[in-house]
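Notes follow the structure.
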Amino acid sequence: MVKRASILADLKEAQEQDRRLSPEAMAEIAERHGISESQLYGTATFYSLLGAELQPEHVIRLCGSVACHLAGINDLVNVIHGTLGIGPGESAPDGSFGLEIVSCLGACGCGPAAMIDDRLYTNLGPEKLQSLISDTSSGRIPPADEPAFSPRALGEPALMGESSPDLSTLINRSSEEILTALDASGLRGRGGAAFPTGRKWRMCAEAPGDERFIVCNADEGEPGTFKDRYLLREHAGLVVAGMLLAAQAVGAERGYIYLRAEYPELREIIERETAGHPIELVVGAGAYVCGEETALLESIEGRRGVPRLRPPYPPASGLFGKPTVIDNVETLANVPLIVSRGAEWFAGLGTPESGGTKLLSVSGDAAAPGVIEAPFGLRLSEVLDEAGAGASIAALVGGASGRLIPRRDFDRRLCFEDLSPGAGAIIPVGEDRSIRELVSNLMAFFEHESCGECSPCRIGTARAHELLDRGGDPAILQSLGETMAASSRCGLGQSAPTALLDALEAFPEQFSFENETDHDKH
Ligand code: SF4
């Protein structure tokens, strides 16, 4: 078995040196890892941050997520066109600058946001962007902005109330003690799937095998989500302690943290927190689908991030074919709290089916965006009021792949018994917004991020995007959405039409031909 966890790192290093992946570098990397050049080419061409073409000297990556769309990113595209004469996907003839619109930079509470090379800039307006471009081109590299989190809690906090617990006392707990505490706590996965964590860990502990792995999914790419960025920045010790307790519980000796490439400031923090532990940091290369757990495992193994067919599930056969626990950052961060403060305390913070609290990333049309820790069971209206978004006409709950909840349902409770918060993105939508335009932005995102492996998702997202843009028949959109949800291979395609189907039901007038002007129809 070839352990290929460093293939992405080697590709990125080669690209940084030559501003492209040259045939010579590709041949050398393929030989070093004992794989064919065609296999490596398949990997290199999958990720948006890698490429064989010569890159411009500076790349501006404007965030095109739904949150930055609401914050006014389109105006900035015009500014760049006016300043540099380039549009999305183009490079200046002298090779100085290139412009890309990317899916999400994880700075949703302080958009519009952009990265210039590997530096994040937030709260952009025309003047700030122009001066950043001017300084960058003259070599006076402006320092990156700090992403704003404005963290606060509604009710008793769990994660926000803790620094790192004393690991030396926790790590002596037996496997059974840890698993029993998890079962009693009601902890469920915080990445969106909400699978009971204790049950998952038991499956891994009991699976036959001589080697096991723990993987932390820090590929937070859901548009509107930035709470894992906050957690890793402020509470990385909790996440690492959660991984070590997972290793103790299932008998694993090695772990990996898969971090999205767009969070460069976290690398040093993670390396500091993992020093002395058998945990390796793997940095992605730009692919939303790698947030899907089996695609993420493929990516760590140095392949294209294409989701695997399941079963087998990762607890039975995961990384390198070995039993693997793969969990979201927030899930892992909760574990040391449960083990140190007790399952009963944790379960008591939430509802019977949803133990604990949830970190919510609030952005969009909110006067006070930020990361809010809320006990499960809180009403959506309470979160929106806290964020200064009580007058919204709708809210996207769970990000691009989540539900679009109209105002009439704002009293629903955020918990697995009622309205699942998914990965925790809450994007309020103000009353002057076009719901159809919003849903079209979401579908464009999924069209771009579809890995293309199955046709309901590959063709469905493109067709739905096109129909939304030209005011297509709502009945066709409905049937297309239902087909994608029922027959796509992985969670990306299955959840891509969720908000569209909600919008067709709650805002039918926005999809009606009668409301179109002749101009809209053409
Ligand atoms: Fe790929 Fe989409 Fe199919 Fe998932 S649903 S396997 S992302 S094409």
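FYI, the numbering just counts along the sequence from 1. Just so it is clear, the model here is predicted, and its values are computed rather than measured. We count ligands from 1, going down the list as the structure has it; atoms in each ligand are counted the same way.
None of the N, O or S atoms belonging to C451 lies under 2.8 Å away from atom 4 (Fe) of ligand 1. Residue side and main chain included, C454 places an N/O/S atom under 2.8 Å of atom 3 (Fe) of ligand 1.
Side chains of Y288 and E222: a donor on one and an acceptor on the other come within 3.5 Å. Checking E373 against T357 by side-chain atom types alone, a donor-acceptor pair falls below 3.5 Å.
Ion pairing between D228 and R260 fails under the 4.0 Å rule for side-chain N and carboxylate O. Between E293 and R310 there is a salt bridge, since at least one side-chain N of the basic residue sits less than 4.0 Å from a carboxylate O of the acidic one.
The closest protein non-hydrogen atom to atom 2 (Fe) of ligand 1 is C457 SG, 2.4 Å. The shortest contact between atom 4 (Fe) of ligand 1 and any protein heavy atom is with C490 SG, 2.3 Å.
A cation-pi arrangement, defined by a distance under 6.0 Å to the six-membered ring centre and an angle within 45 degrees of its axis, is present between R199 and F195. Remark: R412 is not positioned above the aromatic ring of F410, lacking an NZ or CZ atom under 6.0 angstrom from the ring centre and at most 45 degrees off the axis.
Listed by number with element, the atoms of ligand 1 under 4.0 Å from a non-hydrogen atom of S488 are 5 (S). Applying the 4.0 Å criterion to heavy atoms of V289 picks out, from ligand 1, the atoms 7 (S). Near G452, meaning under 4.0 Å from one of its heavy atoms, ligand 1 places the atoms 1 (Fe), 8 (S).
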